[in-house]
Amino acid sequence: MNKLLVICGPTATGKTALGIKLAKEFNGEMVSADSRQVYRGMDIGTGKDLPLNAKYRTLNTEYADYRIGYYEIKGVRLWLYDVVGPDYKFSVADYAKCASVVIRDIWKRGKLPIVAGGTGFYIKVLVEGIGTAGAEPDWKLRRKLQSFKVAELQGILEKTCAERLRGMNESDRKNPRRLMRAIEIARQNQKPCLAGRQGKTKNQKHKLEIKKLLTIGLTSSYETLYGRIDKRVEERVRQAIVEEIEGLLGKGYTWENSALGTTIGYKEWEEHLNSLNTKYQIQNTRSIIQRWKYDEHAYARRQMTWFRKSLRGVQGYWFDITGEGWENKVTNLVAKWHDTKG
RNA sequence: GCACGGGUGGCAGAGUGGCCAAUUGCAGCAGACUGUAAAUCUGCCGGUCGUAAGACCUACGUGGGUUCGAAUCCUACACCGUGCA
């Protein structure tokens with residue numbers, strides 16, 4: 001019985017902690033669904049929270065690009081941390097490959113995979129598959145389109161696949177990144193050129209055969225969330241995030257060639273660390289930390305709008321982490337789901 | 001005490017007679033999302049009514065005044081900053 005338990009929700013709600021608890025109770029293994037924890041060496045800022053003695057065990061797979069393995073925390077396996085180096089351009093497609101390998105392995109051993117993470121898009125693709133006909137990124141094209149204005153990109157897409165442009169919503173139509181990807185897809189497979197929900201779902205070899213799915217959402221009021229986030233940011237500063245970044249920069253990773261430049265908790269330090277080197281310290285630490293907190297707040301909000309939508313219709317499965325006895329309620333819900341057949 | 005300078009929406013900061021409920025950034029709120037997703041993008045953002053257009057109210061330190069009309073000019077007062085005593 002291919003069961004899959006998903007724990008989602010915004011940052012700082014304790015998804016991993018809950019996952020570990022449930023893994024112990026239901027003979028499960030954790031699979032991270034986090035677009036940043038896949039990077040080796042980016043630990044403090046991405047909140048890996050690994051015990052000092054955590055050992056990593058690797059699984060041999062057909063994929064040479066990834067290091068697929070697990071850490072064992074409190075006797076529970078935690079998969080998909082540290083999959084690639086910070087300079088690898090990791091995407092949902094990479095995630096789908098890795099996660100499907102891991103989840104099938106867990107199923108094979110008769111255990112329950114528990115997917116926990118804040119990257120809603122990764123979870124969605126894992127559960128539903130990707131319908132973009134496997135159009136690979138065309139970096140040369142992207143580089144070329146980089147400097148184009150929105151109106152110009154729209155013009156190009158109009159010529160390449162007018163139908164696609166018409167199918168986009170107001171927001172996406174003004175989003176250069178989406179326009180670029182649409183052009184990229186259109187150039188690679190002329191015929192449908194329609195990505196996503198409009199296109200035919202092909203190339204789904206990574207699509208999992210999930211027989212039973214339960215999704216649990218963790219949340220709280222923004223007031224609570226922001227408070228937890230702020231506290232956690234302060235902790236990370238104390239855990240020497242700056243030293244971690246300096247170490248990575250020292251190894252040759254840069255703000256441009258790695259995930260450093262796009263990851264909250266890292267990117268905020270760019271100007272500061274650069275200016276330190278040249279004796280021009282423009283920003284003080286205080287304001288960087290504040291910036292970092294604000295970025296996390298906005299991130300939590302974005303996550304909420306994603307998860308609100310994806311959990312629409314299963315409202316009962318949202319749990320407020322400040323509520324009385326919510327953990328028992330979760331356990332009961334999972335137990336009921338886990339025990340029933342069919 | 002004298003001389004300058006300053007006060008503007010939750011914050012920062014434009015505006016120096018009508019086009020100002022007031023540029024912009026931040027914060028905040030809502031939304032989008034099918035190979036960059038911790039990314040990227042959209043909308044709202046003084047109050048009330050309205051789907052909207054719009055209407056009305058309250059607002060640019062406080063009180064007066066000039067003017068058809070003031071955040072913008074004059075004046076008095078209280079306050080903050082710097083300089084000289």
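Please read these numbers as outputs of a predicted model, since none were measured by experiment. Order of the sequence lines sets the chain letters (A, B, ...), proteins ahead of strands, with each chain counted from 1.
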Parallel, tilted or perpendicular for A:His297 and A:Tyr226, by the 30°/60° rule?
->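 It falls in the parallel class, under 30°.
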Out of [options], which nucleotide sits closest to the side chain of [X]?
| X | options | answer |
| --- | --- | --- |
| A:Pro176 | B:C33, B:A37, B:U40 | B:U40 |
| A:Arg291 | B:U36, B:A27, B:U40 | B:A27 |
| A:Ser171 | B:U36, B:C33, B:U42 | B:U42 |
| A:Lys309 | B:C33, B:C41, B:G31 | B:C33 |

Report yes if a side-chain nitrogen or oxygen of [X] is closer than 4.0 Å to either non-bridging phosphate oxygen (OP1 or OP2) of [N]; otherwise report no.
| X | N | answer |
| --- | --- | --- |
| A:Tyr222 | B:C29 | no |
| A:His297 | B:G28 | yes |
| A:Arg301 | B:C29 | yes |
| A:Arg142 | B:U36 | no |

Provide the distance between the two [atom1] atoms, one in [N] and one in [M], to the nearest whole Å.
| N | M | atom1 | value |
| --- | --- | --- | --- |
| B:U23 | B:U8 | P | 16 Å |
| B:U51 | B:A37 | C1' | 33 Å |
| B:G54 | B:C44 | P | 14 Å |
| B:G69 | B:C20 | C1' | 13 Å |
| B:G15 | B:A32 | C1' | 35 Å |
| B:G7 | B:A52 | P | 35 Å |
| B:A22 | B:G13 | C1' | 13 Å |
| B:G17 | B:A12 | P | 25 Å |

Quick one: on RNA chain B, does A:Glu296 or A:Ala93 contact a more 5' nucleotide (nearest heavy atom)?
->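 Comparing both residues, the 5'-ward one is A:Ala93.
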Identify, between A:Lys293 and A:Met304, the residue whose nearest nucleotide on RNA chain B lies closer to the 5' end.
->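 Per heavy-atom nearest nucleotide, the more 5' residue is A:Lys293.
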Would you indicate what [X] reaches in the nucleic acid, counting non-hydrogen atoms under 4.0 angstrom: base, sugar-phosphate, or nothing?
| X | value |
| --- | --- |
| A:Thr119 | sugar-phosphate |
| A:Val92 | sugar-phosphate |
| A:Asp94 | nothing |
| A:Arg181 | base |
| A:Tyr266 | nothing |
| A:Thr46 | base |
| A:Tyr95 | nothing |
| A:Tyr226 | sugar-phosphate |
| A:Tyr294 | sugar-phosphate |
| A:Gly45 | base |

What base-paired stems does RNA chain B take part in, with at least 3 consecutive Watson-Crick or G-U wobble pairs and both distances under 3.5 Å?
->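 RNA chain B forms these stems: B:1-6 with B:79-84, B:10-12 with B:24-26, B:28-32 with B:40-44, B:46-49 with B:54-57, B:61-65 with B:73-77.
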Give me the atom names and distance for the closest heavy-atom approach of [X] to [Y].
| X | Y | answer |
| --- | --- | --- |
| A:Lys293 | A:Ile229 | O-CG2, 4.4 Å |
| A:Leu78 | A:Ser32 | CD2-CB, 4.2 Å |
| A:Gly252 | A:Asn257 | O-ND2, 3.6 Å |
| A:Arg173 | A:Val150 | O-CG1, 3.8 Å |

Nearest whole Å is fine: how far is [N] [atom2] from [X] [atom1]?
| X | N | atom1 | atom2 | answer |
| --- | --- | --- | --- | --- |
| A:Phe121 | B:A32 | CZ | P | 15 Å |
| A:Arg178 | B:A37 | CZ | C1' | 8 Å |
| A:Gln290 | B:A12 | CD | C1' | 13 Å |
| A:Tyr299 | B:U40 | OH | C1' | 14 Å |
| A:Arg312 | B:A30 | CZ | P | 13 Å |
| A:Phe90 | B:A38 | CZ | P | 12 Å |
| A:Lys174 | B:A32 | NZ | C1' | 12 Å |
| A:Tyr81 | B:A38 | OH | C1' | 14 Å |

Between A:Thr11 and A:Arg232, is any side-chain donor less than 3.5 angstrom from a side-chain acceptor?
->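 There is such a pair between these side chains.
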Does the side chain of A:Arg178 come under 3.5 Å of the side chain of A:Ser171 through a donor N or O and an acceptor N or O?
->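 The criterion, which ignores hydrogens and geometry beyond distance, is not satisfied for A:Ser171 and A:Arg178.
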Strand contacts (RNA chain B) in residues 251-263 of chain A, 4.0 angstrom heavy-atom criterion =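 A:Thr262, A:Thr263, in order of number.
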So, the side chain of A:Lys15 versus the backbone of A:Gly9: is there a donor-acceptor pair under 3.5 Å, distance only?
->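 Checking the backbone N and O of A:Gly9 against the side chain of A:Lys15, a donor-acceptor pair under 3.5 Å is found.
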Is there a donor-acceptor pair under 3.5 Å between the side chain of A:Glu29 and the backbone N or O of A:Leu112?
->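 Judged by distance alone, no pair lies under 3.5 Å.
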Can you find a donor-acceptor pair, distance only, under 3.5 Å between A:Asp34 side chain and B:A38 base?
->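 Under the 3.5 Å cut-off, the side chain and the base do form a donor-acceptor pair.
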Go through the structure and list residues passing salt bridge (Lys or Arg N to Asp or Glu O under 4.0 Å) with A:Asp230, not counting sequence neighbours.
->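 Listed in chain order: nothing, the list is empty.
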Considering the options A:Tyr122, A:Tyr88, A:Tyr63, which one meets the side chain to side chain donor-acceptor pair (under 3.5 Å) requirement together with A:Asp94?
->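 Output: one option passes, namely A:Tyr88.
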Please tell me if the side chains of A:Ile103 and A:Leu126 come closer than 4.5 Å, counting only heavy atoms from C-beta onward.
->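 A side-chain contact exists here, since the closest heavy-atom pair is under 4.5 Å.
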Under a 4.0 Å N-O cut-off, is there an ion pair linking A:Lys207 with A:Glu128?
->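 Answer for the salt bridge query: no.
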